[in-house]
Amino acid sequence: MSSYPFHEIEPRWQKFWDDNKTFKAVEDNSVPEEKRRYILDMFPYPSGAGLHVGHPEGYTATDIYCRYLRMNGYNVLHPMGYDSFGLPAENYAIKTGQPPRKTTEENIVHFTKQIKSLGFSYDWDRQVQTHNPEYYRWTQWIFLQLYKKGLAYESDKPINWCSSCKTGLANEEVKDGKCERCGQIVERRSIRQWVLKITSYAEELLTDLDKLDWTDSIKAMQRNWIGRSEGANVTFSLTGAAEAHGHIEVYTTRPDTLFGATYMVLSPEHDLVQKITTDEQRPGVESYIDKASHKSDLERTDLAKDKTGVFTGAYAVNPVNGKEIPVWISDYILISYGTGAIMAVPGHDQRDWEFARKFDLPIIEVLQGGEVEKEAYTGDGPHVNSEYLNGMGKKEAIDAIIEGLEKDEKGFKTINYKLRDWIFSRQRYWGEPIPLVHCPECGIVPVPEDQLPLTLPEVKSYEPSGTGESPLANIDEWVNCECPVCGGHGKRETNTMPQWAGSCWYYLRFIDPDNKGIFVDPEKEKYWMPVDLYVGGAEHAVLHLLYARFWHKVLFDIGAVSTAEPFQRLINQGMITSFAYMRPDKVLVPVDEVNIDGENYIEKATGVRLEQVIAKMSKSLKNVINPDDIIEKFGADSMRIYEMFMGPLEVSMPWQTNGLAGVHRFLNRVWDVAGRPMDKGEPPAALVKVLHKTLKKVGNDTGKLDFNTAIAQMMIYINEVYREKVCWKKLWKPFVLVLAPYAPHLAEEMWRMLGYSDTLAYEAYPVWDDSLAADDEKEIVLQVNGKVRAKITVAAGTGKEELEKLAREDSKIAEWTEGKTVIKVIAVPDRLVNFVVKG
Ligand SMILES: [Zn+2]
Ligand SMILES: [Zn+2]
């Protein structure tokens, strides 16, 4: 069978949709609110590598859904744009020796061409690009609203610094102690920074998660990142010479273990260290601090590493029993975490226990149940050695000790968050200038809103200096300016915003992209918001998704938007991985150095047998799939359907070109049927039944985003229809319509062949006759350890999970499995369920 002419069909329909603005979204007030949908993709940053196969996965899913919604009478907003400021674009420009604006804009042209070649139904008139001054004017405006609300402040506390990217990083950009972007181990460095007070929104960011229809795993990641805990702040006074320097404050979730606190540990960077260290201990302390400053947070907090520390010579007083306890410093305490000081309870914390053992500090058991001389006991148990807490359980003891501390004014109940304020400025060129002026007379002054955008100047050298100053600092004519308040000599802020700024609010600009007077018209905003479905990669769980929620909440609080949350429903598509080949010594071999013979994989150079494994696509393994090649060889419709047919949208799967070929064969068959003589008469009853089943299954599954099962049903249908010599119009017209969201080019072409002259994009979705679509029934045998114990009747094709559920509900099966352990359940659709039990 020769291939159908997708090379000719696909570009022609793409041009038709473009020319006719088929997918232009209009705020039509006659459409009732419940029939409006805002469906959003995470917009890409236009990297030099172009589109990879992961991009179209999410884009195809939303596109199918949008096309389905339009055919079901919904008014759909579905825009696309580019996240074009930031480090990736800038690093690419530096690598290729060209100005970032030039490379970014070239990349956008390339990306747009690639995205359009997949036939997505975007309203391209709404495109935004975050590096466009008309766009970032409003990014700057939102920053000023944050500044005016006291949510942006200057700080020179030590922050995470990437010496490779030559910029400060937010905590969210540090993964396992390394730069999220380049993998460099992050250092601590004190640099003047702009910081956003995201912590003011910690509680709302946490509790409002409950209102959202997001996957539990992403919600859990945000909850953990925000890290709310309840506990107490406890004050330890200092004694002896140190007494004059005040006290040490710690936060603990277990104040009930205070009687077991036998020493304290400060972070080497803690303010008190210099003040309380005795002369005798000073040399050791100084050299320890110096060593710690060269270690990354990752090295410092590695649980496996040998504990190190130095005694300061000072003592604090345990507030519950008046005992003097020594104050140490150790690098496993980070200044950025909590108060930078802890009370050590070695009996019940393993790290404290190891430290105490090493330095011969006392270990006291205060919770019964373990053997604290052997290891820390971290379980629960009645309190011992704890005076008035003795015999109490955890909750009772916590309440009692907090009451005691509050009465003595030695502590109080409090809530703590792990979330830290957002380090917002970058010492780089390619970002939004921060619209503030430093005036010697007036201090920090915002650029007046009517003077925005404050445009990014063209510079000769945009490479980062590494000095902690952005390249903008070298442009005198830009830096020196008039103070907007007193007219005196001022200097512009030279830090730029991080790459996350533009994506914090782009979904709002899509609603009203050309508005010159306001960032979004409130009426239009109300029309579309919130985003009904947001699809993108899970890697943004605590970056973009947290930052955007924060900005949105600020905008909500100043009355600029109508909803407290931006993204009502969120889905993370799985990753498309690839096969790779591994030697016995675990080294991966590039694909082009492997002889593949069936299931045998042999390294060409050595003859060594390799194991097929699943890995990320990477240039070095030569297993990257380029969408352009796929489209050239199989067409966009095949690529779209293949990516949706790989499995459920949220699951990661390896790319398999033979699967793609199978999908392409399916579309060839569709084309073959479409070219047959169309019979206007009545089709055979059996085929009508398959049609209605197909309409029902595809309709329901598409609405639930279960695209892989919908495609499987369309394949079943085509196999049935393909056997006939002719095609019946009654069978074909509705099928073309349900296929359309998946293979829009092919479907539009076949719609023409059926005699229609306009696009099918707004045709009514086919309705099915439930009585015709009804499933046949099947008798299912229920077994326990292979012996038949019952039979049930279910709809034919009932899936494994449902079968197992129905089987468990059967009273006979319940009897036979009672009191036994089910080791395994084997469910075979239309046939049987077997419970393998033990005991
Ligand atoms: Zn880096
Ligand atoms: Zn001034």
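Predicted model, so just to flag it, every value in this text is computed and none were measured. Note that ligands are numbered from 1 as they come in the structure, with each ligand's atoms numbered from 1 the same way.
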Inset, instruction - To 10°, measure the SG(Cys179)-the Zn ion (ligand 1)-SG(Cys162) angle for me. - result: 110°
Legend entry - Whether His540 and His544 hold their rings parallel, tilted or perpendicular, with breakpoints at 30° and 60°: perpendicular
Inset, instruction - Specify the closest pair of heavy atoms between Trp551 and Leu196, including all atoms of both residues, with the distance to one decimal. - result: NE1-CD1, 3.6 Å
Inset, instruction - For the Zn ion (ligand 2), check which protein N, O or S atoms are under 2.8 Å away and list them. - result: Cys439 SG, Cys442 SG, Cys483 SG, Cys486 SG
Inset, instruction - State yes or no: are the ring centers of Trp141 and Phe519 separated by less than 6.0 Å? - result: yes
Inset, instruction - Check whether the side chains of Ser503 and Tyr45 place a donor and an acceptor atom closer than 3.5 Å, and report yes or no. - result: no
Legend entry - Ring centre gap for Tyr135 and Tyr506 strictly below 6.0 Å: no
Inset, instruction - Keeping to residues at least two apart or across chains, list the salt bridge (Lys or Arg N to Asp or Glu O under 4.0 Å) pairs with something in residues 468-495. - result: Arg192-Glu493
Legend entry - Interatomic spacing from CZ in Arg223 to CG in Leu205 - rounded to 0.5 Å: 12.5 Å
Inset, instruction - With the Zn ion (ligand 1) at the centre, find the angle made by SG from Cys165 and SG from Cys182, to 10°. - result: 110°
